[in-house]
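No hydrogens, no waters, no symmetry mates; every other heavy atom, side chains included, goes into these values.
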Amino acid sequence: QVQLVESGGGLVQAGGSLRLSCAASGRTFSRYNVGWFRQAPGKERDVVAVISRSGGRTKYTDSVKGRFTISRDNAKNTVYLQMNSLKPEDTAVYYCAVDSTAYISNDYIAMGPSAYEYWGQGTQVTVSS
């Protein structure tokens with residue numbers, strides 16, 4: 001069982017920055033791929049960025065490439081999402097999630113939300129124009 005707690009959301013003007021944190025419980029956190037997802041009102045939950053268990057590989061949805069950076073500190077059981085040049089369309093509830101599947105490849109990362117079993121409660125990000 002993994003428990004996740006997100007923090008760092010808030011209200012920011014367009015062009016501003018926020019850093020989200022996802023703190024995880026459990027001693028096996030470093031074995032898991034982790035993802036950040038977001039859900040805007042009336043829309044489905046979509047992937048934002050994912051990171052492999054070692055942190056050596058990352059993937060991003062096209063709309064955030066060059067603006068967002070996902071990273072992790074396994075010693076602190078924490079994953080981060082640095083968000084720069086924020087736009088009003090980034091407004092959503094942001095969730096972190098863990099994929100506990102024991103993939104053979106260290107570099108494989110699933111992008112779809114259905115691959116992720118454990119979810120945090122979410123943190124609201126609102127970008128004003």
Are the side chains of Gln82 and Ser71 in touch, meaning some heavy atoms are under 4.5 Å apart?
-> no
Electrostatic pair Lys87:Asp90 at N-O distance under 4.0 angstrom | no
Taking C-beta and beyond as the side chain, do Thr58 and Val50 meet within less than 4.5 Å on heavy atoms?
-> no
So do Asp99 and Glu117 actually touch side chain to side chain, heavy atoms under 4.5 Å?
-> yes
Kindly compute the distance separating OG1 (Thr69) from CZ (Arg67), expressed to the nearest 0.5 Å.
-> 11.0 Å
Going through the distances and angles, do Val79 and Ile70 end up as a side-chain contact (heavy atoms from CB on, under 4.5 Å)?
-> CA-CA 7 Å; Val79 173; Ile70 188 172; 4.0 Å; yes
Check the side chains of Ser54 and Asn106 for a donor-acceptor pair under 3.5 angstrom, ignoring hydrogens and angles.
-> no
Flag side-chain contact, heavy atom, 4.5 Å: Met111 against Lys59 = yes
Over 12 non-hydrogen atoms of neighbours within 6.0 angstrom of CZ in Arg45 | yes
Between Asn74 (side chain) and Arg53 (backbone), is there a donor-acceptor pair under 3.5 Å?
-> yes
Which pair of heavy atoms, one from Ser129 and one from Ala14, lies closest together, and at what distance?
-> CA-CB, 4.4 Å
Taking everything shown except Gln3 itself, do over 12 heavy atoms lie less than 6.0 Å from its CD?
-> no
Going through the distances and angles, do Met83 and Tyr94 end up as a side-chain contact (heavy atoms from CB on, under 4.5 Å)?
-> CA-CA 12 Å; Met83 306 187 295; Tyr94 283 70; 3.9 Å; yes
Which class fits the ring pair Tyr116 and Phe37: parallel under 30°, tilted 30 to 60°, perpendicular over 60°?
-> perpendicular
What closest approach, in Å, do Trp36 and Ser21 show between heavy atoms, and which atom pair accounts for it?
-> CH2-O, 3.7 Å
Are Tyr60 and Lys65 close enough, and set up right, to give a side-chain contact (heavy atoms from CB on, under 4.5 Å), and what steps lead you there?
-> CA-CA 6 Å; Tyr60 299 88; Lys65 286 180 180 177; 3.7 Å; yes
Evaluate the side-chain proximity of Thr101 to Tyr108: yes if any heavy-atom separation is below 4.5 Å, no if none is.
-> no
Quick one: closest heavy-atom pair of Gln39 and Ala92, and the distance?
-> O-CB, 3.5 Å
Heavy atoms only: give me the nearest Ser63-Arg38 pair and the separation to one decimal.
-> OG-NH2, 3.3 Å
Which heavy atom of Gln121 sits nearest a heavy atom of Leu4, and at what distance?
-> OE1-O, 3.6 Å
For the atom pair OG (Ser25) and OH (Tyr118), what is the distance rounded to the nearest 0.5 Å?
-> 10.0 Å
Are Val64 and Val34 linked, directly or through other ILVMFWY residues, by side chains that come within less than 4.5 angstrom of each other?
-> yes
Decide yes or no on side chain to side chain donor-acceptor pair (under 3.5 Å) for Gln13 and Ser128, but give the supporting numbers first.
-> CA-CA 5 Å; Gln13 289 188 331; Ser128 63; 5.0 Å; no
Using a 4.5 Å cut-off on heavy atoms from C-beta on, say whether the side chain of Thr91 contacts that of Val125.
-> no
Does any non-hydrogen side-chain atom of Leu20 lie less than 4.5 Å from one of Thr123?
-> yes
Leu81 versus Phe68: any side-chain heavy-atom pair under 4.5 Å?
-> yes
Would you say Ser30's side chain and Thr28's backbone share a donor-acceptor pair under 3.5 angstrom?
-> no
Between Tyr95 and Trp119, how do the two ring planes meet: parallel, tilted or perpendicular, split at 30° and 60°?
-> perpendicular
d(Ile51 CD1, Ile109 CD1) to nearest 0.5 Å is 7.5 Å
Do the numbers put Arg72 on top of the ring of Tyr80, so that NZ or CZ is under 6.0 Å from the six-membered ring centre and no more than 45° off the axis?
-> no
Exercise: identify the closest heavy-atom pair between Val93 and Gln124 = CG2-OE1, 3.3 Å
Verify whether one side chain among Asp107 and Ser105 offers a donor that lies under 3.5 Å from an acceptor in the other.
-> no
Please check if Tyr103 and Val47 belong to a single hydrophobic cluster, counting links between Ile, Leu, Val, Met, Phe, Trp and Tyr side chain heavy atoms closer than 4.5 Å.
-> no
